[in-house]
Structures are given as C-alpha cells and as structure tokens.
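Here the structure comes first, spelled out in structure tokens, and everything after it is commentary.
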Amino acid sequence: MAEYLRLPHSLALIRIRNPPVNAISPAVLYGIKEGLQKAVSDHTVKAIVISGADGKFCAGVDIHVFSTPWSSDTGLGDLVDEMQRNKKPVVAAIEGMALGGGLELALGSHYRIAHVQTETGFPEVTLGILPGARGTQLLPRLIGIPAALDLITSGRCILAGEAFKLGILDKVVNSDPLEKGIKFARTILDQPLECRRIMNKTVPNVPNMDAIFSEVFAKVRKQYPGYIAPETCIRAVQASVKHPYEVGIKEEKELAVYLVESGQARALQYAFFAERNANKWSTPSGVSWKTASVRPISLVGVLGKHVGEFLDSPHLHMVRAAIYLVPSGVKFCGKHIAVLAPLILIQVHELFILCVRTGDGNFFFFFFVVLGPELRTYTLSHSTSSQLIEMENILVPRGWGEVVSTFLTISNNGTMNIHVQVLCRHTVFSSLRDSIYVIYIRNFRVSDLAGLDVGWKGRKGQGLTGPALPPGTPARKRGNIRYCPIPDILCESGRFGQKTGKGWYQYDKPLGRIHKPDPWLSKFLSQYRETYHIEPRVISQDEILERCLYALINEAFRILGEGIAASPEHIDVIYLHGYGWPRYRGGPMFYASTVGLSTILEKLQKYYRQNPDIPQLEPSNYLKKLAAHGNPPLKEWQRLAGTPSSKL
Ligand SMILES: CCCCCCCC/C=C\C/C=C/C(=O)SCCNC(=O)CCNC(=O)[C@H](O)C(C)(C)COP(=O)(O)OP(=O)(O)OC[C@H]1O[C@@H](n2cnc3c(N)ncnc32)[C@H](O)[C@@H]1OP(=O)(O)O
C-alpha cells in the first residue's frame, strides 16, 4: 500500500509501504494513484513528495505479478505519465534503492533527490523483461542513448554518485533524503514544470546513432547468447529515437508484452526466487541460515596454475591441481578467484566443500555446506562464503558428490554413450551447441580442466579399470552395465587434459587454455567403433538432446526422492551456478516442468527399453509418482510425491 500524509507548508507526502522492499503490488499502485488524486484535488497542497518506508524507496514491480493477469496492464506506465503531467511538482526522495518500476516512478517525478548510498538501475533485463513502464522512453531522453543502452541492457545497478553524474538524479545527499526532499519541495512550489517533464524532451542527438545501435546489438549477442531480452531492450530504446513519445510508449508496451509472455521471462523470474529460496536452507537438526554466523578467515586459497601438494581430501581432487594458499586479504587476483582457506585447512567434510568449473576460460566456484557429525557443535558459516565471492550456498548432505559429481558423470556418460555411436562426433557437438545442452560440451572442458587422471584414479580405485580389473572383463561392460572405457584409454595415452595439453581437446600448450577439436580423437573414435563393431548411425538431434538431458533430469528426481536435495529449486540453483546451465531455461527441474513430466517419463521409458544396460535411463520412482499426477506445478511436487526422509 501507500500512505498519504498531509504535511505543513502546503506539502503532501505519499509513502510506499510494502515490506520487505516496497515492491509495487496492485495495492501499492492503487495507493500511489489515490494519494496523487488526493493531493491534486486538495487546493491547499502545492507540491508532493514521494518516498518509501523503512529506508527503501522501491525495488520495482512485485515480480510475482508477472505470472498473474495483472501483468497484462499494470497501469504503472500510465501513472508515470500522470505524475509527469501533474501541475503540482512531484519530488522523489529516494533512499535504499530505486530499481525497475521504482526508478520509473522516480523518472515520473519532476525532481529526484537521493541518499548517497542509494542503488538505482533497471534490472528488468535480468528477469527477462524490459523497463516497460516508460523506462525505455524516458531514460534515453534524460541521459542520452549510449548511457541508457548501457544501463538497460546490462541491468547493472549504480550508486547515487554515478547516477548523479549521468544526470538521473538532481541531488545526492548524505543525510535523510526525505527531510531534504521536503525542504527542497518548499523552494519550488511555484516553479514552471514544463522543462522538468522528461516526456517532453527529445533524445539528445549523437552523430553516429546507427553505428551505436549496431555495436550494441553485436555486443549483447556475443555477451548474452540465446537471451531475447537484451536485444528487445535495444529495440525499445531505438523506438525512443525513431518515434515521438506517444508512439514510443506503444512500441515499448508491445515489446514488453512479448517478453513478459516468453518462456525466458518465466525461467529467469523463477531463478530469481529459486536462489533466494535455496539460500534459506535449514536442517532437520535445526541448523539454518538464520542461525549461521560468520567464521573468521585466516587464509584464502586462490585458484591458479600452481599445484598445491598439501590437500589430501578426496573431496578436493577436482580442485587440487589448481589451488595454493596465499595470505588472507587477497580476494581477486587477475582471473583468479579467492576461496576460503578455513575450508581447506580444517577437515573439509566438517564444514564446506567446494567445486570448480570453467566456462569460457573463466573459473567459477560454488560451495556446499556439508553436514558432518561435528556440525552440531559448530555454527555454520553461511555468510562468509557467499558474501566473499558473491556465490550461492546450497545445503547438501555429506557425500556431496551425490549431487555434484553424479550429475557430472551422468552428463558425461550420456554424451559419451551417444558420441561413440554417431558417425561424426561433431554431430553431437553441433546438435548441442545452439541449445541448452551446451553444458554438455562444457563438461568435456571441465573434465579437461580438472584432469582426466582424477576420474581415472577413482575408477581404478573402484576396480572398474586398471590392474584390479578381473581378467576377461569385457571392455564395454561392467556387470550388466554399459561401460565407456574411452576416458581410461585417453589417460593411458597420456592425455590428462589441459595440464598435458591434450585430453578431449587439444590445447595450445600444456596448461594452455586455448582449445580446439583434436583430429586424433576423431580418428581414435572411428578405430574404436571398428574394434567394437559399433555401427555408426545417424542419431536425430532430438534423440541426442533427450537422452543427454532426460537422464540428468531423471537423476535429479532420484536425488529429490531420496531426500538428498532439499527441493527442486536447490537442484536448479546448483545447475545455474555450478554448471553454467543457461539461466533463461531456469534449471533442469524448471525445464522438466515446462516439457511436461509425462513426456519425460515416456521418453525415458522408450530409451531405457532400447538401452537396458544404461541404468541412468531407467525412470526414477519419484518421477513416476509425479507423472501420475499429470504435470503438476513444480511448487507442488514435494507435497504430491510425499516428502522423503531428509538426508540433510
Ligand atoms: C502481458 C504483459 C504486459 C506488459 C506490461 C508492462 C510490463 C513491465 C512493467 C513494468 C516494468 C517494471 C518492471 C519491474 O520493476 S521488475 C522488478 C525490477 N526490480 C528488480 O529486479 C529488483 C529485484 N530485487 C533485488 O535485486 C534485490 O532483492 C534487492 C536489491 C531489492 C534487495 O536485495 P537483498 O537485500 O539482498 O534482499 P533479497 O534479494 O533477499 O530480497 C529480499 C526479499 O525481497 C523480495 N524481493 C526483492 N525484490 C522484489 C521484487 N521486485 N518483487 C517481489 N519480491 C522482491 C525477495 O524475493 C526477498 O523475499 P524473501 O525471499 O521472501 O525474503
């Protein structure tokens, strides 16, 4: 809601109040409109101040509404215009944040005064939408095309100082902005407003406008491949140049409707809430993110080229080759990312586990809080890990590999099993490249980065390969299960991945990062097929995608059904942050809900019938239970299929 207060000195105050972040719900919008009407019809009111309660101006439209009928016409844009046209001056007194629709309310005001710590911006693009309540038409008029394009397409939030320099804010203060706003409003009661109405301005002209747009189109296509919102944002901004305001806002609306109704927006908004939900973990023993406290950091580990010999936890094999210790205080160092040394120095399983992956040559980390017996006497460090490197933290039980490395193995197996069969390995990659399944390609890169010898050692330890393998074991079977010996053969040929300059790919040099397909591997694969009489065949793109992906989704259902992951959202957040799953697809669980559980079940049944020696294709009981309910919404899954006894 929004409160209306009559203030002395001919002023009225409209204060948005909708905890926790004063998001714009229908009630808030109605409250602001009502306040505005009261102020307009009260002839003793000469100016209006708008602010937010509890030190927060407004975090934008309530994201929940984009999945309700209200989104079809929030009416926020009309309100923004009404504010601009108002004959009485409106002053926005901004504190905390003015984001998205919150910034649009501020742009609708004639003056903007903000506290120095205020964050402002248009993060809509990160939610798969655009600033559709006049933001794409007003901001370019106020600060020019290049700066507006930058803010709108990146979604980045900026501090008041920068916003002031850009011309978004009129004044930055370091005391109470409401007090300052009220004081200021008293000085402008009779000032003309025409020049303060942004809608009446023309977009500042720059000589090479077309080139600017072409460059930004190219930039976002490269930076956000597959995402539709950034390009659509540019189109909306373009409308501010091409058309007068009244036409521009219509185009903005059409483009906003297109985005709001897209699957990408739904996925991105789901991801927003899933991350917040996942961070609020708790355990059956009562430990939770609320009771967590920060542990002191004495050292940090930095991901780099150096080999550290001090780590001896099996959990750390993946990162072992890449970690060394440096004194505390080092956060980021070139391309290296800091990790918390206590994680490494204490017994790792007590507290945290970490995992690395790479995407496009960069390193990423995510952390798992691992429950060990000692944990009950510890307070968990929730904030240290996530705050230091701004990462998500997900609770998984001890034996974290259930979630992490099982997924990795399944992804790899799925792709390997297929690509020994196809005529050309390239087919798999090209099928996967343009889609969600790009993560499968990355798996090979991750394996090369981590070192193929790591898995090899593990498999030798399990007696799956090496000297412990009973003589006479068929190369491609372990018991009744299909086994792919290719990674073992690669290791036997000294191809350990990036560190040896060869693995699934070839690299520019040992430890080099520049990778390219290796003709050796193609030749090897065709010999391999000949040796094992594998008939190459054309495998349709659909089959490649389904077999790779549905096996992984199946595993996620198994993990859920066994109480290893706390919720589908947790699994999705792991995938989004740990594996580079395209955010605009929400994560494997969200994706499953969009495909339909019965479709996934049917396909798995079909592929399992065809490949009974690939257990990952056997539909999990949990999936079967859920599919029996049709395609229930993800939020309902755990209620419908029964909550398994938690292993957390
Ligand atoms: C058919 C279609 C027709 C189309 C018509 C036009 C469509 C376009 C119309 C209008 C354009 C405007 C769009 C928008 O404004 S979209 C929203 C833009 N704003 C954001 O993206 C901000 C999102 N929030 C954040 O970035 C952060 O939450 C924060 C910086 C505000 C605060 O961060 P922090 O302190 O770290 O707290 P949390 O992130 O944990 O958040 C606290 C709490 O608040 C909830 N929340 C935050 N923002 C929103 C929001 N905008 N809507 C709803 N809820 C929000 C968050 O979920 C947390 O809740 P909790 O988990 O229950 O505690």
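Note that the numbering runs from 1 along the sequence shown for the chain. In each ligand, atom 1 is the first atom listed, and ligand 1 is the first ligand listed.
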When you compare ligand 1 with Gly101, is there at least one nitrogen or oxygen pair between them that comes in under 3.5 angstrom? yes
What's the shortest heavy-atom distance between Ala23 and Asn18, and which atoms? O-ND2, 2.8 Å
To the nearest 0.5 Å, how far apart are CD1 in Ile50 and CG in Leu105? 5.0 Å
Looking at Gly155, Ala59, Gly132, Gly96, the heavy atom closest to atom 8 (C) of ligand 1 belongs to Gly132
What I want to know is whether Ile63 and ligand 1 share at least one N or O pair that is separated by under 3.5 angstrom. yes
Can you tell me if Asn631 uses its side chain to pair, donor with acceptor, with the backbone of Ser593 under 3.5 Å? yes
Give the atom numbers and elements of ligand 1 that come within less than 4.0 Å of a heavy atom of Pro123. 19 (N), 20 (C), 21 (O)
Phe273 heavy atoms, cut-off 4.0 Å: which ligand 1 atoms fall inside? 57 (O)
Intermediate values then yes/no, side chain to side chain donor-acceptor pair (under 3.5 Å), Tyr245 and Asp81: CA-CA 11 Å; Tyr245 186 74; Asp81 283 349; 2.6 Å; yes
For Gly60, the atoms of ligand 1 under 4.0 Å from one of its heavy atoms are 15 (O)
Can you tell me if Glu252 uses its side chain to pair, donor with acceptor, with the backbone of Thr136 under 3.5 Å? yes
Using distance alone, decide if ligand 1 has a nitrogen or oxygen within less than 3.5 Å of any nitrogen or oxygen in Pro20. no
Proximal atoms of ligand 1 relative to Val21 (non-hydrogen, under 4.0 Å): 44 (O), 46 (N), 47 (C), 48 (N), 49 (C), 55 (C)
Going by distance only, is there an N or O of Ala23 that falls short of 3.5 Å from an N or O of ligand 1? no
Would you say the side chain of His243 lies within less than 4.5 Å of the side chain of Glu251, judging by non-hydrogen atoms? yes
What are the atoms of ligand 1, with element, lying closer than 4.0 Å to any heavy atom of Leu127? 16 (S), 17 (C), 21 (O)
Is it true that Phe66 lies under 4.0 Å from ligand 1, counting heavy atoms only? yes
Does ligand 1 have a heavy atom under 4.0 Å from the side chain of Asp62, from its backbone, from both, or from neither? both
Quick check: does Glu104 get an N/O under 3.5 Å from an N/O on ligand 1? no
Glu3 and Ile14, any side-chain heavy atoms less than 4.5 Å apart: no
Taking atom types as modelled, find out whether Ser262 and Gln264 have a side-chain donor-acceptor pair closer than 3.5 angstrom. no
Taking heavy atoms and a distance under 4.0 Å, where does Glu124 meet ligand 1: side chain, backbone, both or neither? side chain
Hey, which of Lys33, Arg134, Lys253 is the one that makes salt bridge (Lys or Arg N to Asp or Glu O under 4.0 Å) with Asp78? Arg134
Does Arg276 make a cation-pi contact with Phe272 (under 6.0 Å, within 45 degrees of the axis)? yes
Report the part of Met97 in contact with ligand 1, treating N, CA, C, O as backbone and CB onward as side chain, heavy atoms under 4.0 Å; options are side chain, backbone, both, neither. side chain
